[in-house]
Student: 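Encoded as C-alpha cells, here's the structure I'll be asking about.
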Amino acid sequence: MTTTTVAAPPMTNTLTAGKLPKATPWLLLVGSWIVMGVIFGLLMMAGVTADFNIVGTIFFGTVLFVIVLTVVSRLYEGVRRSKDRMVTSLVSLAFIIALLPLISLLFTTIVNGAHRFDLTFFTYTMRNIVGEGGGGLHAIMGTLQITGWATLISVPIGLLTAIYLVEYGRGTFARAITFLVDVMTGIPSIVAGLFAFAFFALLTGVAGIRFGFGGAVALSILMIPVVVRSTEEMLKLVPNELREASFALGVPKWLTIVKVVLPTSIAGITTGVMLAIARVIGETAPLLIIAGFTQSMNYNMFNERVMTLPVFVYTQYANPGSDAQAYLDRAWTGALTLILIVMLLNLAARVIARIFSPKLGR
Amino acid sequence: MTTAPPKPVDAKPPVPAAAPERIKAKQRPGDVIFSTSTIVAGGLILAILALVALFLIVQSIPAFVADPAEIKGSPSSFWAYVAPLVGGTIWAAFLALLMAVPVAIGIALFISHYAPRRLAAGLGYVVDLLAAVPSVVFGLWGITVLAPFVQPFYSTVVDIFGWIPILAGPVSGTGRTILTVAIVLAVMILPIITALSREVFLQTPRLHEEAALALGATRWEMIQMAVLPFGRPGIISASMLGLGRALGETMAVAMVLSVSGGFSFDLLKSTNPSTIAANIALNFPEAHGVGVNVLIASGLILFVITLIVNSIARYIINRRKAFSGAN
C-alpha cells in the first residue's frame, strides 16, 4: 500500500502526539480509490469485465478506505479514536450508498430517455402504432386531467379539514381525525385503487368498470392526508397575535380565518399542495386498476379507459410488440418525462416556499 | 354590526378558573356555515376510511365463500391461495427493512451530526429527491440496471456460500430475485426513515450532547450515550412506517420479481414468492368473475396488515410526543 507511508509522519511535537494529520483521511480515500481503480483497470485489460467498472471502483475503494483508516488510526491514536473514525467514515459511506442508486437511476433514465425525447413523442398517441414512432400525448393528457380532478377533490377537503383541526377542533373528534389522517397516509396505493374499483363497480353495476374519474378518486384518497398534514403545519405557524388582533377589531372568526390566517400561510399551503401533487402524479398501481390502459386519446373522464403516463411506462415495458426496443425506448422517455414533471413540481414548490413565505418576527 | 365587540371563543379568559360564566361569541351565519363546512370535511375523512373498509369487505365476501376450484391455480381454499402471498409480502418487506434501517440511521446521523451545518439542509433535500422518483421508474431501473448488475455477485455468492440454506442455488440467471426486489424496496423506503430519524436526532437535548463531550467523549461515544437512547422510539416508529410503505409497494415488485407459486425463503433462486400488491397489479387487468373478488379480498388483507403496522408506529410517535415537551 503506497498511501500508508503518508499516514505516518515523524512525531516531533508532543502536543500533536497520537493524532493523525488532518489531511490523512482524504489522502487515504483517494489512495484507496486509486488502488481499486488499478485493480479494476487490470481486470478490464485481462478481459474479465467488458468495460471499466466505475461503480465497483468507487464502492470497493471506499470499503478499503474504511478498513485502512480504522487500522491506521488504531495504531496511532488508540481504540476509542479509531472507533470514532470508523463510525465517521461508515456514516459518510451510508450517505454515499444512498446517493449511488439516485445517480445511477437519473443517469440511466436521462441516457435511455433521450433517444425518443422528440417532437413526435409529445404530439402523437399510440393509436394504430406498431413498432417505431408513436408517442405519449394521450398518456400526458390523461395524467394531467386525472391529477387535476384529484387536486380539485382533495384540496377543498384537505384544506377545510386542516382548518378544522387547527382553528376549531378540540376533544375526541379532532383527535380521532388526526389519528385517521395519519393512518390514511399509510394506505397502500393499490388498496386505494381497489377501493375506487369496488365503490364504482357496486355503484354503477358495471362489473369491469374502467374510467378516468375513478382514478381521480383513488388518487385523492392518497392525496388528502398529505394536503391535511402540510396545511396543518402551515396554519400552526401563523402567529396567534394576528388572530387576536383581528378578533380585537371585532372581526368574526370565519372572516379572520379567510382574510388573515389563510393569506398569511398561502405560500406554505401552495407548497404543500404542489408536493402532494408531485407525490400522486407518479402513482401507477391504482390507475392500472381503475383507469386501465388504452392506445388512444380520451378526453372524457367519465366514460371509457384513460391512459396515464406511469401506466404508459409500465405497459410499454410489459407488453412490447414485435420491435421490443422501440417500446422500451418509449417507456424510458415516458419515465424521463415523469421524473421531469415531478422534479419541476418539487422545485417550484420549494421556490414558492422560499420567496413568498411570511417573514415571521425574529 | 353590534356595538358590543364580540369575544373570541377560544381566547384564554384572564380570570382564574372560578369565573362565573364563559362569555360566548356571537354566532353569525357566516360563522355557522364556515365551521359546519370544516366539520363536514373532517367527517368526510372518517367516512372515506369507513367506506374503504366497507366496500373492500363487501366485495371480498364472494371470495371467502367461493368454490376454491374457481380461484386461479385452483388451490385447496382461498387461504391456501393467499398464504404464500402474505408470506412473500412480509419476507420482502422484512429484507428491505433489514437493509434500509442501518443505512437510514447512518444518513440521518450524517445530516444531523456530521455534515457541515450549511450543507446539511441541501443534503437532506438530495435524499428527499429519492422519494420523488415514481415507483414505476424504480421498477424500470431495477430490471434494466440493478438486476443485471447484481447477477454476477449472486453467482459468486452461490458458488461460495451455497451451503447456507437461504443462499442455496441454482442461482437465478436474470438476477430478478427477491433479494433484488428487497434492494429496490430498501432504496424506496430510505427517504421516509431518514427524514423521521433526522427530525428525532435533531431534537436531542443540546445539554446532554455537550455534557458527554465535556466529559471527554469522542463524537461517536457522544452519539452512543446521548443521541441514540433519546432517539430510539423515533427510530422504531420510523422503521415501522418504512415497513408499511414496503408492504404496500406494488409496481417495483411487480416489474422486477420473476414470480412462481408457493413460498420459500430462498434469496437467490429464480423461484420466488409473489407479494399481495404485485399479484393484484399483475392479475387484475385480466381478472373476471370471482377472480376479481379474490384479488380484492387479498387487498383487504394487505390493508389490514398495513393498518396494524402504521397504527403501532403512530401510537409510538404520539406517546413520545406527549412527554417530550417538543410540541
Side-chain angles (χ1 to χ4, degrees), chain A residues 80-81 83-84 87-88 90-92 94-95 97-98 101-102 104-105 108-109 157 160-161 163-164 168-169 177 179-184 186 188-191 194-195 198-199 202 208 221 224 244 247 250 252-255 278 282 284-285 288-289 310 313-314 317 331 335 338-339 342-343 346, chain B residues 5-6 8-9 11 25 28 30-31 34-35 37-39 41-42 44-46 48-49 51-52 55-56 58-59 103 106-107 109-110 114 127 129-130 132-137 140-141 145 187 190 218-220 241 244 247-248 250-251 277 280-281 284 288 296 299 302-303 306-307 310-311 314:
Chain A
R80 288 178 56 216
R81 277 205 177 279
K83 207 181 261 176
D84 184 46
V87 173
T88 306
L90 278 181
V91 160
S92 316
F95 189 74
I97 288 179
L102 182 66
S104 159
L105 189 142
T108 17
T109 310
I157 296 180
L160 286 173
T161 307
I163 290 174
Y164 172 75
Y168 293 100
I177 291 179
F179 185 75
L180 288 178
V181 167
D182 284 339
V183 167
M184 220 171 152
S189 59
I190 194 149
V191 172
L194 283 178
F195 159 69
F199 184 70
L202 274 187
I221 290 175
I224 289 172
E244 284 162 6
F247 291 147
K253 184 161 186 171
W254 75 278
L255 267 181
T284 319
L288 190 64
I289 285 177
V313 174
Y314 173 67
Y317 163 76
L338 201 55
I339 285 189
V342 175
M343 297 282 168
N346 267 296
Chain B
V9 188
R28 291 176 180 75
D31 270 321
F34 194 73
S35 64
S37 62
T38 62
I39 292 176
L44 262 180
I45 298 217
L46 288 174
I48 289 172
L49 265 179
L51 278 181
V52 169
F55 274 90
L56 288 181
V58 167
Q59 288 278 44
V103 178
I107 300 169
L109 280 178
F110 181 78
Y114 283 87
V127 176
L129 270 187
L130 267 181
V133 178
S135 62
V136 67
V137 183
L140 212 51
W141 173 77
V145 180
V187 174
L190 260 185
T218 61
R219 184 149 50 174
W220 165 237
L241 287 182
L247 286 170
T250 312
M251 295 320 289
I280 296 172
F284 202 87
H288 55 85
I296 292 180
L302 177 67
F303 179 54
T306 50
L307 204 66
N310 282 312
S311 301
R314 290 296 171 184

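Lettering follows sequence order; numbering is per chain, from 1. Computed from a predicted model, the values in this text were never measured in an experiment.
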Student: Using a cut-off of under 4.5 Å for heavy-atom pairs, which of Gly282(A), Gly186(A), Ala198(A) has the most such pairs with chain B?
Tutor: Ala198(A)
Student: What part of Leu51(B) is in contact with chain A, defined as an atom under 4.5 angstrom from a non-hydrogen atom: side chain, backbone, both or neither?
Tutor: both
Student: Looking only at heavy atoms and a cut-off of under 4.5 Å, which of Val181(A), Val183(A), Leu194(A) has the most pairs with chain B?
Tutor: Leu194(A)
Student: Pick one of side chain, backbone, both or neither for Ile221(A), based on which atoms fall under 4.5 Å of a heavy atom in chain B.
Tutor: side chain
Student: Looking only at heavy atoms and a cut-off of under 4.5 Å, which of Ile39(B), Leu109(B), Val187(B) has the most pairs with chain A?
Tutor: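 Most heavy-atom pairs under 4.5 Å with chain A: Ile39(B).
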Student: If you compare all heavy atoms of Ala277(B) against all heavy atoms of Gly248(B), which two are closest, and at what distance to 0.1 Å?
Tutor: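 Residues Ala277(B) and Gly248(B), closest heavy atoms: CB-O, 3.9 Å.
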Student: Val145(B), Leu307(B), Leu49(B), Val127(B): which one forms the most heavy-atom pairs within less than 4.5 Å of chain A?
Tutor: Leu49(B)
Student: Classify the ring geometry between Tyr168(A) and Phe34(B) as parallel (under 30°), tilted (30 to 60°) or perpendicular (over 60°).
Tutor: tilted
Student: If I measure from the heavy atoms of chain A, does Leu44(B) come under 4.5 Å with its side chain, its backbone, both, or neither?
Tutor: side chain
Student: Kindly indicate whether the side chain of Leu288(A), heavy atoms from C-beta on, has any atom under 4.5 Å from the side chain of Met251(B).
Tutor: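 Yes, close enough: below the 4.5 Å cut-off.
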Student: Pick one of side chain, backbone, both or neither for Val52(B), based on which atoms fall under 4.5 Å of a heavy atom in chain A.
Tutor: both
Student: Side-chain contact, heavy-atom cut-off 4.5 Å: Thr284(A) with Thr250(B)?
Tutor: no
Student: Taking every non-hydrogen pair under 4.5 Å, which of Gly299(B), Pro134(B), Ser135(B) racks up the most with chain A?
Tutor: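 Going by pairs under 4.5 Å, I would pick Pro134(B).
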Student: Which one of Leu56(B), Leu140(B), Leu302(B) has the most heavy-atom pairs closer than 4.5 Å to chain A?
Tutor: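 Among Leu56(B), Leu140(B), Leu302(B), the one with the most close pairs to chain A is Leu140(B).
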Student: Please test Leu105(A) against Ile339(A) for side chain to side chain contact (heavy atoms under 4.5 Å, CB included), starting from the C-alpha separation and ending with a verdict.
Tutor: CA-CA 11 Å; Leu105(A) 189 142; Ile339(A) 285 189; 4.0 Å; yes
Student: Do you know which of Asn310(B), Thr218(B), Asp31(B) has the most heavy-atom pairs under 4.5 Å to chain A?
Tutor: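 So the answer, after comparing Asn310(B), Thr218(B), Asp31(B), is Asp31(B).
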Student: Using non-hydrogen atoms and a 4.5 Å limit, figure out which bit of Ile296(B) sits close to chain A: side chain, backbone, both or neither.
Tutor: both
Student: Heavy-atom pairs under 4.5 Å with chain A - which of Leu190(B), Ile280(B), Leu247(B) has more of them than the others?
Tutor: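 Heavy-atom pairs under 4.5 Å are most numerous for Ile280(B).
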Student: Are the side chains of Thr38(B) and Trp254(A) in contact, using a 4.5 Å heavy-atom criterion?
Tutor: no
Student: Please report the interatomic distance CZ(Phe195(A)) to CZ(Phe303(B)), rounded to the nearest 0.5 Å.
Tutor: 10.0 Å
Student: Contact part of Val103(B) toward chain A, heavy-atom cut-off under 4.5 Å: side chain, backbone, both or neither?
Tutor: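 Both parts, backbone and side chain.
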Student: As an exercise, state the distance from CG of Leu180(A) to OG of Ser311(B), rounded to the nearest 0.5 Å.
Tutor: 9.0 Å
Student: For Arg314(B), enumerate each residue passing the salt bridge (charged side-chain N to carboxylate O under 4.0 Å, His left out) test, keeping only those at least two apart in sequence or located in another chain.
Tutor: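 Salt bridge (charged side-chain N to carboxylate O under 4.0 Å, His left out) list for Arg314(B), sorted by chain: Asp182(A).
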Student: Trp220(B) and side chain to side chain contact (heavy atoms under 4.5 Å, CB included): which single residue from Arg81(A), Arg80(A), Lys83(A) fits?
Tutor: Lys83(A)
Student: Please classify the contact of Ser92(A) with chain B as side chain, backbone, both or neither, using a heavy-atom distance under 4.5 Å.
Tutor: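 For Ser92(A), the contact with chain B is made by backbone and side chain together.
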Student: Please report the shortest heavy-atom distance between Phe247(A) and Lys253(A), naming the atom on each side.
Tutor: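 Here Phe247(A) and Lys253(A) meet closest at CE2-CA, 3.8 Å.
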Student: State, yes or no, whether a side-chain contact exists between Ile48(B) and Met184(A) at a heavy-atom distance under 4.5 Å.
Tutor: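 Sidechains of Met184(A) and Ile48(B): in contact.
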Student: Given a strict heavy-atom distance threshold of 4.5 Å, which part of Thr306(B) is in contact with chain A: side chain, backbone, both, or neither?
Tutor: side chain
Student: With chain B as the partner, which of Ile177(A), Ile97(A), Ile289(A) has the greatest number of non-hydrogen pairs under 4.5 Å?
Tutor: Ile289(A)
Student: With chain B, which of Pro310(A), Ala278(A), Ala94(A) has the greatest number of heavy-atom pairs at distances under 4.5 Å?
Tutor: Ala94(A)
Student: May I ask you to name which of Ile163(A), Leu202(A), Val342(A) has the most heavy-atom pairs under 4.5 Å with chain B?
Tutor: Leu202(A)
Student: Is chain B contacted by the side chain of Tyr317(A), its backbone, both, or neither, given a heavy-atom distance below 4.5 Å?
Tutor: side chain
Student: Do Trp141(B) and Ser104(A) have side chains that approach each other closer than 4.5 Å (heavy atoms only, starting at C-beta)?
Tutor: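 Result yes, sub-4.5 Å side-chain heavy-atom pair found.
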Student: If I measure from the heavy atoms of chain A, does Phe110(B) come under 4.5 Å with its side chain, its backbone, both, or neither?
Tutor: both
